[in-house]
Amino acid sequence: MTTDMEPVTEFRARARTWLRDNLPPAPPDTGPPDSKEEWDRARELQRKLYDAGFAGICFPEEYGGLGLTPAHQAAFTTESYPYEMPVILNVPTLSICAATLLELGTEEQKRAHLPAVLRGDEVLVQLLSEPSGGSDLAGLTTRADRDGDRWILNGSKIWSSGAYAADYGLCLARTNWDVPKHRGLTMFLLPIGAPGVTVQRIKQVTGSTEFCQEFFDDVALGDDAVVGQVDNGWEAASRLLQHERAAIGGTSPYMSGARPHIGGEDSPILEIARRLDRLDDMRVREDIGEAHAMMVVRDQLIAHITHGITAGELPPAAGSITRLFSAENSWLQTDMAVKVAGADAVTHAPGDPVDTAEIGTDYLFRAAWSLAGGSTEMARNVISERVLGMPRESAADRDVPFKEVRRGR
Ligand SMILES: Cc1cc2nc3c(=O)[nH]c(=O)nc-3n(C[C@H](O)[C@H](O)[C@H](O)COP(=O)(O)OP(=O)(O)OC[C@H]3O[C@@H](n4cnc5c(N)ncnc54)[C@H](O)[C@@H]3O)c2cc1C
């Protein structure tokens with residue numbers, strides 16, 4: 001820390017006053033953002049934070065940030081809990097895509113996009129998963145072919161959260177079919193509005209439509225769209241995935257104002273039992289205890305892993321540990337909410353005296369917590385191979401030129 005850096009306590013006090021005087025109270029959580037209006041509101045709030053000098057707390061000053069520490073960010077986030085914050089910009093815009101650009105972007109890319117992101121002018125998405133599968137990311141088949149001084153992109157991406165409201169996407173494509181799968185990929189910064197890009201929204205079982213599928217038909221991109229180096233997109237993807245695991249596991253320094261995705265500081269089970277007047281039930285009390293213990297462990301684990309990574313005692317891949325625990329905990333909390341609520345979890349009707357609607361919806365959505373940001377099985381692989389140093393999983397296609405790899409028809 002430089003000597004002239006504002007101490008965390010003073011920064012926290014200044015943030016507390018500004019938040020109280022400038023932001024409205026936090027609205028109820030209504031799930032993933034389903035309308036452009038929600039995104040416009042987030043952009044507006046982000047602009048407010050930027051103008052007041054509270055945006056991009058851990059981003060460098062030369063790119064519009066404050067150049068402060070994760071401790072400043074943590075203090076600001078805690079203070080911001082009671083207020084309406086542009087939390088939907090955290091993932092993937094700030095904590096994943098902007099963080100990746102900061103590490104791997106050219107100076108021009110960083111100067112063009114990072115201040116724009118911090119001002120709320122640009123929303124970014126990640127375009128990685130494909131209809132043929134997301135876990136084997138290096139096996140993707142969206143292609144970018146050289147045509148004179150341009151790249152021509154063709155293929156399709158899927159499960160892109162919020163792409164319908166985004167300005168740019170980090171898109172991984174195959175640029176070389178003569179080398180093994182990890183060595184022929186390139187990351188592009190793709191304007192979502194470019195000619196040849198079609199975005200379709202996907203309706204989920206919960207009714208939400210935030211997921212998108214994109215189709216690329218002869219989309220022309222210049223060399224200035226390449227992030228990192230041509231054919232070295234696996235490095236860019238690996239950096240991006242590390243940021244994603246950190247974001248989902250709760251250790252990213254680039255998130256602002258976000259409560260952990262379920263429950264906040266306390267387990268939601270206590271509140272559900274209170275609302276449904278079940279606090280006297282012995283079995284419910286045991287569930288509350290277990291759920292609360294998991295929340296305490298989660299918070300301690302996040303603090304421990306964050307410290308370990310920051311201090312260099314743990315590799316960045318250790319973010320997968322909190323990512324895995326967060327998923328397991330989310331499943332436990334969601335299942336327990338249904339157990340405590342009983343029939344109320346599925347029989348809620350508009351106007352019922354106790355609102356239990358979100359319990360059933362959370363249950364329907366819970367599989368997402370073990371898939372988003374790479375599945376929990378893949379997180380276990382990362383932990384075993386890159387944290388514990390165990391041998392790599394065998395793969396028949398690892399050293400074979402990609403054009404010779406047998407794929408489904
Ligand atoms: C809420 C949410 C948000 C998302 N947002 C985005 C986004 O913005 N952009 C984007 O590109 N994608 C996004 N995704 C997609 C996500 O990255 C993929 O769902 C994930 O990588 C898994 O890919 P898949 O669904 O194709 O499953 P598959 O890869 O088909 O895997 C199916 C099952 O097989 C298991 N499996 C596969 N390979 C192995 C292995 N080697 N060892 C052990 N088990 C294995 C997996 O764990 C999984 O359980 C999002 C997903 C969710 C749920």
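Just so you know, ligand 1 is whichever comes first in the structure, and atom 1 is the first atom listed for that ligand.
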Taking Arg183's backbone N and O only, do any of them form a donor-acceptor pair with Asp231's side chain (distance below 3.5 Å, no angle check)? no
Problem - Aromatic Phe11 / basic Arg14 pairing, under 6.0 angstrom, 45° off normal - result: no
Flag atom 33 (C) of ligand 1 as yes if some protein heavy-atom distance to it falls below 4.0 Å, otherwise no.
-> no
The answer for which part of Val125 has a heavy atom under 4.0 Å from ligand 1 is neither
shortest atom 46 (C) of ligand 1-to-protein heavy-atom contact is with Ser375 OG, 3.5 Å
**Asked** Does atom CG of Asp147 have more than 12 heavy-atom neighbours from other groups under 6.0 Å away?
**Response** yes
Numbered in order shown, the ligand 1 atoms found under 4.0 Å of a heavy atom of Glu393 are 40 (C), 41 (N), 42 (N)
Residues Glu130, Arg174; criterion salt bridge (Lys or Arg N to Asp or Glu O under 4.0 Å); working and verdict: CA-CA 12 Å; Glu130 300 196 349; Arg174 187 163 303 283; over 6 Å; no
Tested for salt bridge (Lys or Arg N to Asp or Glu O under 4.0 Å) against Asp397, the lone hit among Lys181, Arg406, Lys403 is Lys181
*Within 6.0 Å of CZ in Arg285, more than 12 heavy atoms from elsewhere*: no
Of Gly374, Ser135, Gly139, the one whose closest heavy atom lies nearest atom 28 (P) of ligand 1 is Ser135
Q) Applying a strict 4.0 Å limit to heavy atoms, is Phe211 in contact with ligand 1? A) yes
Counting heavy atoms under 4.0 Å, the part of Met378 that contacts ligand 1 is side chain
Result for side-chain contact (heavy atoms from CB on, under 4.5 Å) between Asp287 and one of His292, Lys339, Arg278 points to Lys339
What verdict does the salt bridge (Lys or Arg N to Asp or Glu O under 4.0 Å) test give for Glu44 and Arg41, after you've listed the backbone C-alpha separation in whole Å, the side-chain angles of each residue and the deciding distance to 0.1 Å? CA-CA 5 Å; Glu44 190 186 328; Arg41 176 65 181 152; 3.1 Å; yes
among protein heavy atoms, the one nearest atom 19 (O) of ligand 1 is Leu371 CB, 4.0 Å
For this session: Could you go through the side-chain hydrogen bond (donor to acceptor under 3.5 Å, both in side chains) check for Trp151 and Thr175 one step at a time?
Result: CA-CA 9 Å; Trp151 295 96; Thr175 42; over 6 Å; no
If you scan protein heavy atoms around atom 30 (O) of ligand 1, the nearest is Gly133 CA, 4.1 Å
In this structure, atom 8 (O) of ligand 1 is nearest to the protein heavy atom Ser161 N, 3.0 Å
the protein heavy atom lying closest to atom 6 (C) of ligand 1 turns out to be Trp159 O, 2.6 Å
Atoms of ligand 1 under 4.0 Å from any heavy atom of Leu128, numbered from 1 in the order shown, are 11 (O)
Closest to atom 16 (C) of ligand 1 (heavy atoms only, candidates Ser129, Pro92, Gly162) is Ser129
Check your understanding: Looking only at heavy atoms of Ser160, does any of them come nearer than 4.0 Å to an atom of ligand 1?
Key -> yes
In this structure, atom 51 (C) of ligand 1 is nearest to the protein heavy atom Ala372 CA, 3.8 Å
Ligand 1 atoms nearer than 4.0 angstrom to some heavy atom of Gln126 are 7 (C), 8 (O), 9 (N), 10 (C), 11 (O)
Looking only at non-hydrogen atoms, the one of Cys171, Gly134, Pro131 nearest atom 21 (O) of ligand 1 is Gly134
d(Leu270 CG, Leu279 CG) to nearest 0.5 Å is 6.0 Å
Task: Salt bridge flag under 4.0 Å for residues Glu271 and Arg274 - done: yes
Does the pair Arg43 and Asp121 meet the rule for a salt bridge (Lys or Arg N to Asp or Glu O under 4.0 Å), with working shown?
CA-CA 7 Å; Arg43 288 172 190 252; Asp121 290 343; over 6 Å; no
Here the atoms of ligand 1 under 4.0 Å from any heavy atom belonging to Ala368 are 1 (C), 53 (C)
protein heavy-atom neighbour closest to atom 43 (C) of ligand 1 works out as Glu377 CB, 3.7 Å
